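Taking it in order: structure first as structure tokens, then the write-up.
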Amino acid sequence: MPVVAIGAPRSWRPPGSPLRPDFFDRSADQVAADLVGKILWRDGVGGGRLVEVEAYLPSDDPACHAARGRTRRNDAMFGRPGTVYVYLSYGIHVLLNLVCESEGVPAAVLMRAFEPLASPGEPRLDPRVAAGPGLVGRALGLDLSWNGVRLGCEARLGVFDDGFAPAVETTERIGISMGRSLPLRFILPGSRSLSRAPRRGIPAGRPS
DNA sequence: TAAACGATTAGCT
DNA sequence: GCTAATCGTTTAT
């Protein structure tokens with residue numbers, strides 16, 4: 001049941017200017033680090049300030065969907081920088097990625113959580129409506145038809161830079177079993193909108 | 001054609 | 001803190 005959890009007036013847009021596609025023509029970890037604090041926004045629906053993203057690299061990254069080559073599902077990852085890559089997780093969750101690197105190089109950044117931004121006159125929003133990758137897709141009202149869409153060109157979805165440049169923290173990624181140790185999760189520490197996804201398969205490292 | 005798995009979340013203890 | 005639910009994609013036969 002796709003539920004649009006936030007609903008902003010059609011006329012309102014977040015402050016700042018939209019990122020251009022060449023912002024994404026870099027390595028995914030650099031893009032990811034710079035995306036924290038930016039505003040992810042869908043026209044007429046809403047969005048908010050990104051507080052948690054993860055990078056997936058084109059090589060030496062077993063968790064990347066393209067690690068075993070190009071398939072029908074991950075095809076969008078090979079597209080031009082700034083392309084939207086959307087796929088279904090666990091058959092139910094719509095996960096939003098933004099493609100990085102040059103065309104033909106499969107890299108992307110997963111949008112894991114954002115702090116909802118209320119437009120003027122709107123009541124305060126629950127900070128947890130987008131506190132997880134599946135919740136991000138749901139809050140923005142996305143579905144698989146968004147796969148392959150280009151940011152900016154299609155003005156319906158964009159990332160805005162309003163000059164906010166927070167201190168970003170780096171951690172291990174969440175919810176994957178391979179490539180776990182790579183520090184490719186970027187967060188805004190202390191945000192109430194961070195996901196609380198459990199880490200599966202991590203052996204107890206606590207001393208007895 | 002069949003089986004296993006997952007870039008998760010919600011709900012219950 | 002732990003587990004069930006849920007189904008498309010991938011991989012194996």
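All figures in this text were calculated on a predicted structure; none of them were measured in a lab.
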A:Glu172 atom CD is separated from B:dA7 atom P, nearest whole Å, by 16 Å

Take the protein atom CG of A:Asp126 and the nucleotide atom C1' of B:dA10, then report the distance between them rounded to whole Å. 14 Å

Write down the distance between CG (A:Leu96) and C1' (B:dT8), rounded to a whole number of angstrom. 15 Å

For atom CZ of A:Arg128 and atom C1' of B:dG11, their distance in whole Å: 12 Å

Salt bridge present between A:Arg185 and A:Glu52 (N-O < 4.0 angstrom): yes

Using atom CD1 of A:Ile176 as one end and atom P of B:dA7 as the other, report the distance to the nearest whole Å. 8 Å

On DNA chain C, check which nucleotide each of A:Leu144 and A:Ile92 is closest to and give me the residue with the more 5' one. A:Ile92

At less than 4.0 Å, is any side-chain N or O atom of A:Thr71 found next to OP1 or OP2 of C:dT10? Yes or no. yes

Ignoring hydrogens and angles, answer whether the base of B:dA7 and the side-chain atoms of A:His93 contain a donor-acceptor pair closer than 3.5 Å. no

Side-chain N or O of A:Arg138 closer than 4.0 Å to phosphate OP1/OP2 of B:dT8: no

What is the distance from CG of A:Asn74 to P of C:dT9, rounded to the nearest Å? 12 Å

Counter-base of B:dA7, judged by Watson-Crick or G-U geometry with both distances under 3.5 Å: none

Answer yes if the ring centres of A:Tyr87 and A:His65 are under 6.0 angstrom apart, and no otherwise. yes

Side-chain N or O of A:Arg73 closer than 4.0 Å to phosphate OP1/OP2 of B:dG6: no

Length of the line joining A:Tyr85:OH and C:dT9:P, which is rounded to integer Å: 10 Å

Does a salt bridge link A:Asp61 with A:Arg173, judged by any charged N lying under 4.0 Å from a carboxylate O? yes

If you count every heavy atom of other residues, nucleotides or ligands that lies below 6.0 Å from A:Arg26 atom CZ, does the total exceed 12? yes

Got A:Met111 and A:Leu98 here, is their nearest side-chain heavy-atom distance under 4.5 Å? yes

What's the closest nucleotide to the side chain of A:Arg68 if the choices are C:dT11, B:dA10, B:dT8? C:dT11

From B:dA7, B:dT9, C:dG8, pick the nucleotide closest to the side chain of A:Leu88? C:dG8

For A:Tyr56 and B:dA7, do the ring centres fall under 5.5 Å apart while the planes stay under 30° apart? yes

Using whole Å, what does the distance between atom C1' of nucleotide B:dC5 and atom OH of A:Tyr90 come to? 8 Å

